[in-house]
Colleague: 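Before anything else, here's the structure in question.
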2 protein chains.
Amino acid sequence: MVALKPGTSVATGVRGAHNRPMEMSRSLIARNLGAHSRFETEELMAIEAALGRVVRSVEARRDILREGDAPQTIKFVLEGWVSRYKELPDGRRQILSLMIPGDICDANAFILEEMDHSLGAITTVRYAEIGREEFDAIVASSLNMAKALWRSELVTASIQREWTMSVGQRTAPERISHLFCEMYARLAGLGLTQGGSCEFPLTQADIGEATGLTSVHVNRTLQALRREGLVELRARRLHVLDHDRLREKAMFAPSYLHL
Amino acid sequence: MVALKPGTSVATGVRGAHNRPMEMSRSLIARNLGAHSRFETEELMAIEAALGRVVRSVEARRDILREGDAPQTIKFVLEGWVSRYKELPDGRRQILSLMIPGDICDANAFILEEMDHSLGAITTVRYAEIGREEFDAIVASSLNMAKALWRSELVTASIQREWTMSVGQRTAPERISHLFCEMYARLAGLGLTQGGSCEFPLTQADIGEATGLTSVHVNRTLQALRREGLVELRARRLHVLDHDRLREKAMFAPSYLHL
DNA sequence: CGTACGTTTGACGTCCTTCAAGTTGGGTGG
DNA sequence: CCACCCAACTTGAAGGACGTCAAACGTACG
């Protein structure tokens with residue numbers, strides 16, 4: 001049993017400039033989980049209710065969990081972008097994946113003893129936490145729910161493979177284009193795109209860490225992509241100017257997203 | 001229900017030059033799954049029995065499954081090495097991960113509709129197949145079993161992240177050293193190393209595809225590693241000459257293997 | 001004994017990095 | 001509202017890691 005009563009909300013961190021109602025954030029999770037395995041309303045209610053109980057926020061650029069920690073809860077991103085990253089002893093950093101609203105941070109929390117990577121907030125992030133008992137209860141009570149969570153983990157793994165492919169084989173312009181295609185497609189799946197553009201809060205240095213390039217080279221490559229009329233990136237927003245040519249350049253085959 | 005009676009063995013492919021008794025191959029699976037969650041003997045028996053039913057083999061360099069296929073069974077590697085790989089439209093190939101005896105090829109088989117990557121046999125491979133009903137039955141009948149399978153998927157995901165890290169941030173000598181450290185450690189965990197050496201059936205071209213390098217550069221890098229007295233690779237066998245310095249060069253932190 | 005595959009070598013090119021110095025622009029405080 | 005500041009972005013020049021191409025060499029196996 002969880003100590004907090006339904007409806008109790010815990011907020012840490014500083015910012016409170018989020019006016020989007022809670023229901024909307026939570027429905028993104030449902031959309032993420034339920035797109036394929038049609039849930040009974042009842043089952044959806046259970047997770048929706050659970051997600052309202054403990055909500056936290058972290059400021060941009062703060063860590064949520066560090067490599068080596070033993071997490072006590074599973075986290076659902078409600079708002080903002082989270083990066084999964086690793087560091088080498090000499091400081092080289094690699095962003096391994098990006099999590100957006102609706103994504104689950106670590107369903108592994110209770111099986112593997114300690115984190116083999118860190119989680120960092122790209123933007124200010126709001127997330128919901130679920131404890132072990134509650135999580136187990138939800139999973140045990142609904143086969144659909146368990147399948148949906150399992151499926152979501154498998155999609156995450158598929159995306160990770162595509163990232164390995166990207167850094168291993170694609171050139172700089174291809175990698176960056178591919179990152180744009182992927183994030184645009186994922187956000188589009190959540191209804192978070194607006195007329196060919198979407199939020200894109202990564203700095204050029206972040207893009208470098210995600211693609212295995214230096215920020216200098218990211219800068220020059222972005223200029224080239226813009227000169228070609230493919231995309232424009234300004235004010236933390238991505239404007240896709242030519243979807244088809246961008247996809248072609250990236251060799252983006254969206255089936256790996258299993259949308 | 002599965003049509004075959006226990007003990008029935010189906011063999012495809014050509015080679016039969018494998019003298020290792022079946023029990024030994026299967027115990028590697030148990031070791032892989034059970035290392036952490038102590039099984040009841042009874043539970044172990046269930047999976048062991050199931051794994052004996054349908055055994056197949058494929059010749060080296062043949063595909064087991066291709067991207068786009070809809071797999072009907074889950075596959076457990078009994079003997080040999082399997083590669084998971086993807087190709088770009090223009091032919092560039094990336095090996096995404098390597099599977100060795102005891103590894104599960106695709107627990108996702110029944111949840112995601114179609115393969116987003118291919119599986120290829122590096123060596124001659126023997127594997128056991130389990131159908132959907134049987135798999136579901138085993139999982140449903142034993143919580144420990146379900147947890148062990150889940151855990152194994154999570155470890156696979158962790159390894160995939162480390163590979164993204166490698167191709168994204170490590171230099172050629174670091175990447176190759178890291179690959180050697182990882183495979184050696186995983187084989188050691190199964191008792192498949194012999195006095196500082198282990199099987200290593202990848203060609204230099206394969207190593208290139210796994211690390212995102214060309215075979216030419218792999219060749220020159222291997223020569224350098226050998227000159228430094230770190231490793232030697234001949235006759236499909238890896239000889240680790242200086243474990244400590246190899247690990248240091250690779251920045252190998254084995255915790256991600258969760259052994 | 002030839003053939004095929006894997007490995008090795010050399011010369012040369014290029015993509016990306018490094019270093020180091022600006023420039024821009026959004027946010028903050030006076 | 002302006003001045004300032006810092007982080008993010010931009011630019012140039014030079015170097016290095018790795019790729020490409022092409023040929024030769026070794027060695028297992030039929």
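Below, read A as the first sequence line, B as the second, and so on, with proteins coming before strands; counting in each chain starts at 1. As a basis for the values below, the full set of heavy atoms in this structure was taken, side chains included, without hydrogen atoms, waters or symmetry mates. Quantities reported herein were computed from a predicted structural model and do not represent experimental measurements.
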Colleague: Does the side chain of B/Ser158 pick up a donor-acceptor pair with the side chain of A/Asp116 at under 3.5 Å?
Modeller: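 Checked: B/Ser158/A/Asp116 side chains pair up, N/O donor to acceptor below 3.5 Å.
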
Colleague: Do A/Gln160 and B/Gln160 get their side chains close enough for a donor-acceptor pair, meaning under 3.5 Å?
Modeller: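 Not at all, the side chains of A/Gln160 and B/Gln160 share no donor-acceptor pair under 3.5 Å.
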
Colleague: What's the CG-P distance between B/Leu233 and C/dG6, to the nearest Å?
Modeller: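 Taking atom P of C/dG6 as the reference, CG of B/Leu233 is at 14 Å.
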
Colleague: Quickly work out the A/His217 NE2 to D/dG12 C1' distance and round it to whole Å.
Modeller: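 In whole Å, D/dG12 C1' and A/His217 NE2 are 15 Å from each other.
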
Colleague: Determine whether the aromatic ring centres of B/Phe180 and B/Phe252 lie less than 6.0 Å apart.
Modeller: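 That pair fails the under 6.0 Å test.
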
Colleague: With heavy atoms under 4.0 Å as the rule, sort B/Thr171 into base, sugar-phosphate or nothing.
Modeller: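 Sugar-phosphate, no base atom in range.
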
Colleague: Side-chain N or O of A/Asn219 versus OP1/OP2 of D/dC9: is the shortest distance under 4.0 Å?
Modeller: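 No, because none of the side-chain N or O atoms of A/Asn219 sits under 4.0 Å from OP1 or OP2 of D/dC9.
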
Colleague: With respect to the side chain of B/Val216, which nucleotide from C/dT7, C/dG10, C/dC16 is positioned closest?
Modeller: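 Shortest atom-to-atom distance from the side chain points to C/dG10.
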
Colleague: Let me know the distance between CZ of A/Arg237 and P of D/dC9, rounded to the nearest Å.
Modeller: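 Rounded to the whole Å, the gap is 16 Å.
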
Colleague: Could you check how far CZ of A/Arg92 sits from C1' of C/dT18, rounded to whole Å?
Modeller: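 So the two atoms are 14 Å apart, to the nearest Å.
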
Colleague: Is there a donor N/O on one and an acceptor N/O on the other, under 3.5 Å, for the side chain of A/Arg220 and the base of C/dT18?
Modeller: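 When only heavy-atom distances are counted, A/Arg220 does reach the base of C/dT18 through a donor-acceptor pair under 3.5 Å.
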
Colleague: Rounding to a whole Å, what distance do you find between B/Leu222:CG and C/dG6:P?
Modeller: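 Value for this atom pair: 15 Å.
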
Colleague: Could you tell me if the ring centre of B/Tyr184 sits under 6.0 Å from that of B/His178?
Modeller: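 No.
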
Colleague: For the pair made of CD in B/Gln169 and C1' in C/dC16, what is the distance, rounded to whole Å?
Modeller: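 My rounded result for the distance is 13 Å.
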
Colleague: Please confirm whether the shortest side-chain N or O distance from A/Gln204 to OP1 or OP2 of D/dT10 is below 4.0 Å.
Modeller: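 Answer is yes, contact under 4.0 Å.
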
Colleague: Separation of B/Ile122 atom CD1 from C/dC5 atom P, in whole Å?
Modeller: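 From B/Ile122 CD1 to C/dC5 P: 16 Å.
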
Colleague: Figure out the CZ/C1' separation between B/Arg175 and D/dC18, and round it to whole Å.
Modeller: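 B/Arg175 atom CZ is separated from D/dC18 atom C1' by 9 Å.
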
Colleague: Determine: side-chain N/O of B/Arg236 to OP1/OP2 of C/dT7, distance under 4.0 Å, yes or no.
Modeller: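 Yes, such a contact exists.
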
Colleague: At 4.0 Å (heavy atoms only), tell me whether A/Gly208 reaches a base, stays on the sugar-phosphate, or touches nothing.
Modeller: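 Here A/Gly208 touches no strand at all.
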
Colleague: Can you figure out which of D/dC18, C/dC16, D/dT20 approaches the side chain of B/Pro173 most closely?
Modeller: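 When the side chain of B/Pro173 is considered, D/dC18 is the closest of D/dC18, C/dC16, D/dT20.
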
Colleague: So, is A/Gln223 near the phosphate of D/dC9, with a side-chain N or O under 4.0 Å from OP1 or OP2?
Modeller: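 It does not, given that no N or O in the side chain of A/Gln223 lies less than 4.0 Å from OP1 or OP2 of D/dC9.
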
Colleague: Using the ring of B/Tyr85 (Phe, Tyr or Trp, six-membered ring only), decide whether B/Arg93 places NZ or CZ under 6.0 Å from its centre and within 45 degrees of its axis.
Modeller: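 Pair B/Arg93/B/Tyr85 counts as cation-pi.
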
